[in-house]
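Notes follow the structure.
Every heavy atom of this structure was used, including side-chain atoms; hydrogens, water molecules and symmetry mates were not. Residues: numbered from 1 along the sequence shown. In this text the structure is predicted, and so the values were computed from the model without any measurement.
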Amino acid sequence: VVLKLLLGFRLRCHAPLVLVVPGSAGVPTSDMLRRTWRSASVFLFVISAVLTPPDGFTQMLMATPLLLLYVISIWLVKWAERRRHRRLEALRAEFPQLISDVRGRGLMLGVEASREGVGGMLMSELMHRGVLALWTLNNERVLRMIPPVVIELQTIEEVLGVVRESLGQVALVADEL
């Protein structure tokens with residue numbers, strides 16, 4: 001019983017990682033986590049009942065911090081979503097003549113070119129610089145970038161730098177379209 005209790009309290013410390021790491025990749029979105037908080041709280045109380053002795057006080061000692069960590073995880077996932085989107089919005093503000101919209105969820109983000117031909121030029125320039133970008137199936141003006149889930153923050157910064165350089169290169173030629 002004591003070993004199970006110690007294991008339960010130890011695992012409780014790692015609970016936010018279960019949500020924040022995939023959440024920063026967009027797998028569970030903050031909206032999804034917010035909508036399922038009731039089910040999650042029931043699940044957390046059941047886990048607490050299994051891992052603690054049949055004592056209501058000990059179960060509450062385990063479940064209450066888990067619920068608090070769940071709420072903190074929702075905030076952290078929301079922060080990661082906003083941070084990613086803000087970076088692409090900054091590119092849109094810097095190149096309004098090329099990018100008309102930024103959209104997406106999680107790590108799957110897309111930019112919509114403001115005119116025909118700009119998306120193809122941008123995709124070509126990105127590929128020339130080693131960044132893989134794809135058109136969406138139904139609109140060749142929308143480019144999507146889907147990095148792997150295990151991408152490091154430094155790599156994201158490097159790719160955004162390459163996207164900025166590519167947009168600058170396309171801006172020089174786009175006026176001729």
Side-chain angles (χ1 to χ4, degrees), residues 1-93 99-112 126 131-139 142-164:
V1 171
V2 173
L3 183 61
K4 193 165 66 169
L5 183 65
L6 289 174
L7 176 68
F9 277 97
R10 178 70 179 140
L11 289 176
R12 181 182 71 181
C13 298
H14 298 290
L17 293 176
V18 174
L19 295 174
V20 172
V21 171
S24 63
V27 179
T29 63
S30 60
D31 293 334
M32 183 187 313
L33 292 173
R34 209 175 308 120
R35 278 193 315 267
T36 59
W37 75 271
R38 289 179 186 91
S39 303
S41 63
V42 169
F43 176 75
L44 294 175
F45 271 97
V46 168
I47 292 296
S48 297
V50 169
L51 293 176
T52 59
D55 168 19
F57 180 72
T58 311
Q59 291 173 4
M60 291 297 287
L61 280 178
M62 168 122 7
T64 304
L66 281 173
L67 284 171
L68 181 65
L69 291 173
Y70 184 82
V71 171
I72 291 170
S73 298
I74 293 172
W75 290 338
L76 290 173
V77 169
K78 185 68 173 172
W79 175 76
E81 290 170 351
R82 286 182 180 163
R83 184 176 175 195
R84 249 189 326 274
H85 204 266
R86 265 196 313 251
R87 288 185 175 151
L88 283 179
E89 283 292 338
L91 286 176
R92 181 178 132 181
I99 300 175
S100 64
D101 192 18
V102 173
R103 56 179 169 238
R105 184 169 281 203
L107 282 178
M108 189 168 117
L109 296 171
V111 293
E112 182 176 350
L126 287 171
V131 174
L132 181 61
L134 304 168
W135 277 321
T136 59
L137 295 175
N138 58 355
N139 190 350
V142 178
L143 290 179
R144 58 189 168 131
M145 294 168 273
I146 311 170
V149 174
V150 293
I151 193 167
E152 295 179 2
L153 188 58
Q154 178 184 0
T155 306
I156 291 174
E157 293 296 333
E158 290 173 11
V159 168
L160 286 174
V162 170
V163 170
R164 179 174 281 112

Practice prompt. Can you see which heavy atom on Ala133 is nearest to which on Leu126, and at what distance?
Written response: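 So the two residues come closest at CB-CD1, 3.9 Å.
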Worksheet item: Which heavy-atom pair separates Leu44 from Ala63 by the least distance, and what is that distance?
Response: O-CB, 4.4 Å
From [X] atom [atom1] to [Y] atom [atom2], the distance as rounded to the nearest 0.5 Å:
X     : Y      : atom1 : atom2 : answer
Leu69 : Thr64  : CG    : OG1   : 11.0 Å
Leu88 : Arg103 : CG    : CZ    : 12.5 Å
Lys78 : Ile74  : NZ    : CD1   : 11.0 Å
Ile47 : Gln59  : CD1   : CD    : 12.0 Å

Between [Y] and [X], is there a side-chain heavy-atom distance shorter than 4.5 Å?
X      : Y      : result
Leu91  : Val163 : yes
Asp101 : Arg92  : yes
Met60  : Phe45  : yes

Discussion item. Checking Glu158 now: which residues fulfil salt bridge (charged side-chain N to carboxylate O under 4.0 Å, His left out) with it, not counting sequence neighbours?
Written reply: none
Item to complete: Could you pull out all residues at least two apart from Thr36 that satisfy side-chain hydrogen bond (donor to acceptor under 3.5 Å, both in side chains)?
Response: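 Expected list: Tyr70.
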Worksheet item: More than 12 heavy atoms of other residues, nucleotides or ligands under 6.0 Å from CZ of Arg34: is that the case?
Response: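 Yes - once you tally the heavy atoms of other residues, nucleotides and ligands closer than 6.0 Å, there are more than 12.
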